[in-house]
There are 2 protein chains.
Amino acid sequence: MAVSKKQKILDTALVLFVEQGIHSTSTASIAKASGVANGTLFHHFPSKEDLVISLYQNLKQDFARQVAPQGIASEDLKQQAKSAWDKALDWTIANPLRQQFCLQAVHYQPLTCQLQAKVLEEEFGYLRKLIEYGQQQKLIANYPLDLMLDNCHGQFLTSSSFFINHPELAENPEYREAAFEIFWRALKA
Amino acid sequence: MAVSKKQKILDTALVLFVEQGIHSTSTASIAKASGVANGTLFHHFPSKEDLVISLYQNLKQDFARQVAPQGIASEDLKQQAKSAWDKALDWTIANPLRQQFCLQAVHYQPLTCQLQAKVLEEEFGYLRKLIEYGQQQKLIANYPLDLMLDNCHGQFLTSSSFFINHPELAENPEYREAAFEIFWRALKA
DNA sequence: GTCTATAGTGCGATAGAC
DNA sequence: GTCTATCGCACTATAGAC
């Protein structure tokens, strides 16, 4: 089989969750659209919650793997930030469904805050180090770290949503440059 | 009666929706917690969807009413932005449940994009004028307007969530100032 | 692992008396 | 406007054959 039925279920669930919302999508409809039986779904995922959480973790791991940078070099902090920003933005633009699912999943109650915090640290732990280093070097403004981290995350999600909602602008250099410049101006010393 | 049963239902629904999520909260539990009969709820709100949408519109109207500024004066654009920013932030900090509900409601499918866009324009139409004016006066950076508007909205939601999650910092001048300064640095020329 | 069939539950919404 | 009572449905999850 080209892809396993388990993977087929995950792929289909992603599409349906984004189209209809997580709660409005029944396990029965996922099974049907996946071309598998109802029982098969529950063989692979003990419950609907498990399915949602598996999907979430898969996506976030994939994001972290593709985007993870190699550590901080001493020169040209802005260029390093730009490189990470672009890689992350490219991932979300190439995977709009995944990004939109994550935005929804954040409000899915069984996905505990604890798990979300863990995932966030994997995704943005690099950013924390970059800002701390930049503040030491007086290259980044000296505002409270937790506030800046939240702000970075928020600005990234906003830009990401913007380009997903306006795909025709995603390759427009004016917009791409502007999005990063706005972001960077908020941070720099 | 001090407050109408209709209002009591709205108040109770707000609490339960934020605690448990919109989908996980049954109309029956709202009615019970409100001290009204099941049928009464459906007398005032023809469906659960209507209840959610009414709640959303009520809150947004209240926000717009409380925060709406008086138009743009020619001097001291930054001070005007700060004043609007503070009023808006004060509202969300004073109404954390309302803010948290709105963040969830955005992902509630029956709440159409069309309605959301209309509400957003009522809330942030002022901001559009302020940025356009600021760009003419070379006080605000000349990036694409739609991108800047989304960014402003995003940064505001991020800050608002931050202070709701850290109430002890909401009156801390260092954090309050920093949040606005980060925001403003992203915009200014 | 995959299927069919169905159990069991809780929900949104309605009918009709007061 | 408010209540009680209840209908009908869609859903998650299970049982058991293959």
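The chains referred to below are lettered A, B, ... by the order of the sequence lines, with proteins before strands, and numbering in each begins at 1.
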| In terms of side-chain heavy atoms of A:A37, which of C:dT4, C:dT2, D:dT12 is nearest? | C:dT4
| field | Atom pair distance, as rounded to whole Å: CD in A:Q20 and C1' in D:dA10 | value | 14 Å
| task | Write out all pairs satisfying ring pair (Phe, Tyr, Trp, His ring centres under 6.0 Å) with one or both partners inside residues 107-130 of chain A, taking only residues at least two apart or from two chains. | result | A:H23-A:Y108, A:H107-B:H107, A:F124-A:H153
| note | Rounded to whole Å, the CZ-P distance (B:F42 to D:dT4) equals 16 Å
| note | From NZ of A:K32 across to C1' of C:dT2 the rounded distance in Å is 19 Å
| note | Separation of C:dC11 atom C1' from B:I30 atom CD1, nearest Å, is 12 Å
| field | Proximal nucleotide (of C:dC3, C:dA13, D:dA13) relative to the B:S47 side chain | value | C:dA13
| Nearest-angstrom distance from the residue atom CG of A:D50 to C1' of D:dT12 | 13 Å
| task | Give the rounded distance in Å between these two atoms: CD of B:E49 and P of C:dG12. | result | 11 Å
| field | Sugar-phosphate, base or nothing in reach of B:S26, heavy atoms under 4.0 Å | value | sugar-phosphate
| query | At under 4.0 Å, does any side-chain N or O of A:T40 touch on OP1 or OP2 of C:dG1? | reply | no
| Below 4.0 angstrom from OP1 or OP2 of D:dT2, is there any side-chain N or O of B:K6? | no
| message | Of the options C:dG12, D:dC3, D:dA13, whose atoms approach the side-chain atoms of A:N38 most closely? | response | D:dA13
| message | Of the options C:dA13, D:dT12, D:dC3, whose atoms approach the side-chain atoms of B:K48 most closely? | response | C:dA13
| Length of the CG-C1' vector between A:L41 and D:dC11, whole Å | 13 Å
| field | Of the listed nucleotides D:dG1, D:dC3, D:dA13, the one nearest the side chain of B:H44 | value | D:dG1
| query | Do B:D146 and A:Y175 get their side chains close enough for a donor-acceptor pair, meaning under 3.5 Å? | reply | yes
| Between B:Q99 and B:N95, does any side-chain donor sit less than 3.5 Å from a side-chain acceptor? | no
| task | For the residue pair B:W184 and B:F180, categorise the inter-ring angle as parallel (less than 30°), tilted (30 to 60°) or perpendicular (more than 60°). | result | parallel
| field | Distance, rounded to the nearest Å, where B:I9 contributes CD1 and D:dT2 contributes C1' | value | 10 Å
| query | Would you call A:E181 and A:K78 a salt bridge, using N to O less than 4.0 angstrom? | reply | yes
| C:dA13, C:dG1, D:dT2: which one has an atom nearest the side-chain heavy atoms of B:H43? | D:dT2
